[in-house]
Amino acid sequence: MTPITEVEGRRLALSNLEKVLYPATGFTKGEVLHYYATAADVLLPHLRDRAVSFLRYPDGPEGQVFFTKNVPPGTPDWVTTAEVPRSEGPARMVLVQDLASLMWAANLVTEFHTHQWLVDVPEEADRLVLDLDPGAPATIVECCEVALWLRERLAADGIEAYPKTAGSKGLHLLAAVRGASSDQVSEYAKQLAVEAERAMPRLALHRMTRSLRPGKVFVDWSQNAARKTTATPYTLRARSRPLVSAPVTWTEIEECTVPGRLSFQAGDMGPRLQDYGDLLDPLLDSERASRLP
């Protein structure tokens, strides 16, 4: 019998709690739900008022993995939804606004991915993201080198960047911006990627060409397109282990000499949150958002 749990006055049927989703570590669906419940205070502010794309893996990362962008069938009527613009016409997507909605979504077994704009003002981007993706044999260590250069370059334009792990093999740099469209932010991000390649030709790359990727860090500026989404801070990832897209400090970036130093699983996050709180909290303060040069 599926247990019924009440969350903030909403009744939720939470299923298959003993199911192992991450065979490499034995991490179960119940533990996934527990992680999201304990991370909710820091995760929810980064989800709120953003349309969510779900990357679902109900049978674990080795099973079927698929995106769900429209409101899933069976979504409770108390879950907030919103109409969002798309090139093929408007669509209705889920907004995860509260703990009950978060736990309902987590029960689907999903990564959370969000746009760089809020549903109330889709014509204006409020985030800039640079996705640093290493091509083997490069690792997150090389990503850190590129990230440090980008931090200084952004600072020269009065923009403060905040790092998080991708939760797989790379890094994401995030910044709060205002007064620009997604197209304008994309163009600026591309300019940064081009400059990074020019400054570090043996290390950084701004082009997506696969043959150029080995041993280099691809600075993916295209994630700023209005149609695209990026892994939300604190989301679990569909990998062999329950890795988290975890905010990190610049000191950790500077001191990273081996890839494992910046690999965080669900069980690591409680102590980190106690020590650091939400390292990305400044992104939530609109007064600190910067205008593009």
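Heavy-atom basis, side chains included; hydrogens, waters and symmetry copies ignored.
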Look up atom CG in Leu95 and atom OG1 in Thr81, then write down how far apart they are to the nearest 0.5 Å. 8.0 Å
Over all atoms of both residues, closest heavy-atom pair of His172 and Ser245: ND1-OG, 4.4 Å
For the residue pair Asp98 and Ser101, confirm or rule out a side-chain donor-acceptor distance under 3.5 Å. yes
Would Arg151 count as a cation-pi partner of Trp250, with NZ or CZ less than 6.0 Å from the six-membered ring centre and within 45° of the ring normal? yes
Once salt bridge (charged side-chain N to carboxylate O under 4.0 Å, His left out) is applied, do any residues pair with Arg178, and if so which ones, sequence neighbours excluded? none
Measure across Ala204 and Ala196 and return the closest heavy-atom pair with its distance rounded to 0.1 Å. CB-O, 3.7 Å
Would you mind writing out the side-chain donor-acceptor pairs for residues 282-293 within the sub-3.5 Å range, not counting sequence neighbours?
residue: Asp285; atom: OD1; partner: Glu287; partner atom: N; Å: 3.0
residue: Ser290; atom: OG; partner: Gly158; partner atom: O; Å: 3.0

Assess whether atom CD of Glu254 is packed by more than 12 heavy atoms of other residues, nucleotides or ligands within 6.0 Å. yes
Between Ala106 and Phe112, the two heavy atoms sitting closest are N-CZ, 4.2 Å
Go through it in stages, so that I can follow the logic: the residues are Trp104 and Val96, the test is side-chain contact (heavy atoms from CB on, under 4.5 Å), and I'd like the CA-CA distance, side-chain angles, deciding distance and then a yes or no. CA-CA 9 Å; Trp104 162 78; Val96 177; 5.8 Å; no
State whether the side chain of Thr209 and the backbone N or O of Ser211 hold a donor-acceptor pair below 3.5 Å, judged by distance alone. no
May I ask you to decide if Gln184's main-chain N or O and Ser181's side chain share a donor-acceptor pair within less than 3.5 Å? yes
For a quick test of reading the model, state the closest non-hydrogen atom pair linking Cys256 to Cys144 and the distance between them. CB-SG, 3.8 Å
For the CZ atom on Arg86, are there more than 12 heavy atoms of other groups (residues, nucleotides or ligands in this structure) within a distance under 6.0 Å? yes
Taking Leu174's backbone N and O only, do any of them form a donor-acceptor pair with Lys164's side chain (distance below 3.5 Å, no angle check)? no
With side chains defined as the heavy atoms from C-beta onward, is the minimum distance between Met208 and Ser222 less than 4.5 Å? yes
Distance alone, cut at 3.5 Å: any donor-acceptor contact between the side chains of Ser182 and Gln116? no
What I'd like to find out is whether the side chain of Arg272 reaches to under 4.5 Å of the side chain of Val248, using heavy atoms alone. yes
CG-CG distance between Asn107 and Leu102, expressed to the nearest 0.5 angstrom: 11.0 Å
Name the orientation class of the two ring planes belonging to His46 and Tyr234 (parallel below 30°, tilted from 30 to 60°, perpendicular beyond 60°). tilted
Any side-chain donor-acceptor pair under 3.5 Å between Glu187 and Gln191? no
Please report the closest heavy-atom contact between Arg241 and Gln265, naming both atoms and the distance. NH1-NE2, 3.1 Å
Is there a side-chain contact between Asp157 and Arg153 (heavy atoms, below 4.5 Å)? yes
Just by distance, no angles: are the side chains of Ser168 and Arg237 close enough, under 3.5 Å, to form a donor-acceptor pair? no
Evaluate the side-chain proximity of Thr25 to Pro242: yes if any heavy-atom separation is below 4.5 Å, no if none is. yes
Sequence neighbours excluded, which residues qualify as salt bridge (charged side-chain N to carboxylate O under 4.0 Å, His left out) partners of Arg207? Glu197
One should read off an interatomic distance between Phe66 CZ and Thr110 OG1, to the nearest 0.5 angstrom, of 8.5 Å
